[in-house]
Amino acid sequence: MDLGLTRFAVLADGSHIASPKYLRRAEKKLKRRQRELSRKRKGSKNRDKARIKVARAHAAVADARRTSTTSGPTG
């Protein structure tokens with residue numbers, strides 16, 4: 001088994017495992033949520049709702065990072 005940058009893993013029989021994209025997706029969503037939060041007026045109900053969405057997006061990124069470092073190519 002070989003771990004790499006262009007492909008997540010190449011197994012002994014030559015088959016490839018694609019790189020997981022869930023971390024990039026989560027980071028992109030976090031970026032969008034933070035931008036939405038910055039446009040809300042301080043003290044408003046909509047800002048509170050946006051703040052909660054940012055917190056959830058942060059948790060998703062943290063989970064994705066934790067999962068990608070602990071799990072191998074088999075899951």
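Just so it is clear, the values below take in all heavy atoms, side chains as well, and ignore hydrogens, waters and symmetry mates. What you see is a predicted model, and the numbers here were worked out from it, not measured in a lab.
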For N46 and S44, does a side-chain donor sit closer than 3.5 Å to a side-chain acceptor?
no
Return each pair, listed once, that meets salt bridge (charged side-chain N to carboxylate O under 4.0 Å, His left out) where at least one residue sits in residues 34-45; pairs must be two or more places apart or across chains.
R33-E36
Separation between CZ (R32) and NZ (K29), nearest 0.5 Å, reads 6.5 Å
Non-hydrogen atoms of L37 and A50 that approach each other most closely
CD1-CB, 3.8 Å
For R25, which residues count as a salt bridge (Lys or Arg N to Asp or Glu O under 4.0 Å) partner, sequence neighbours excluded?
none
Here the gap from D63 atom CG to L23 atom CG, rounded to the nearest 0.5 Å, amounts to 11.0 Å
Suppose the criterion is salt bridge (charged side-chain N to carboxylate O under 4.0 Å, His left out): which pairs have a residue in residues 49-62, not counting sequence neighbours?
D48-R51
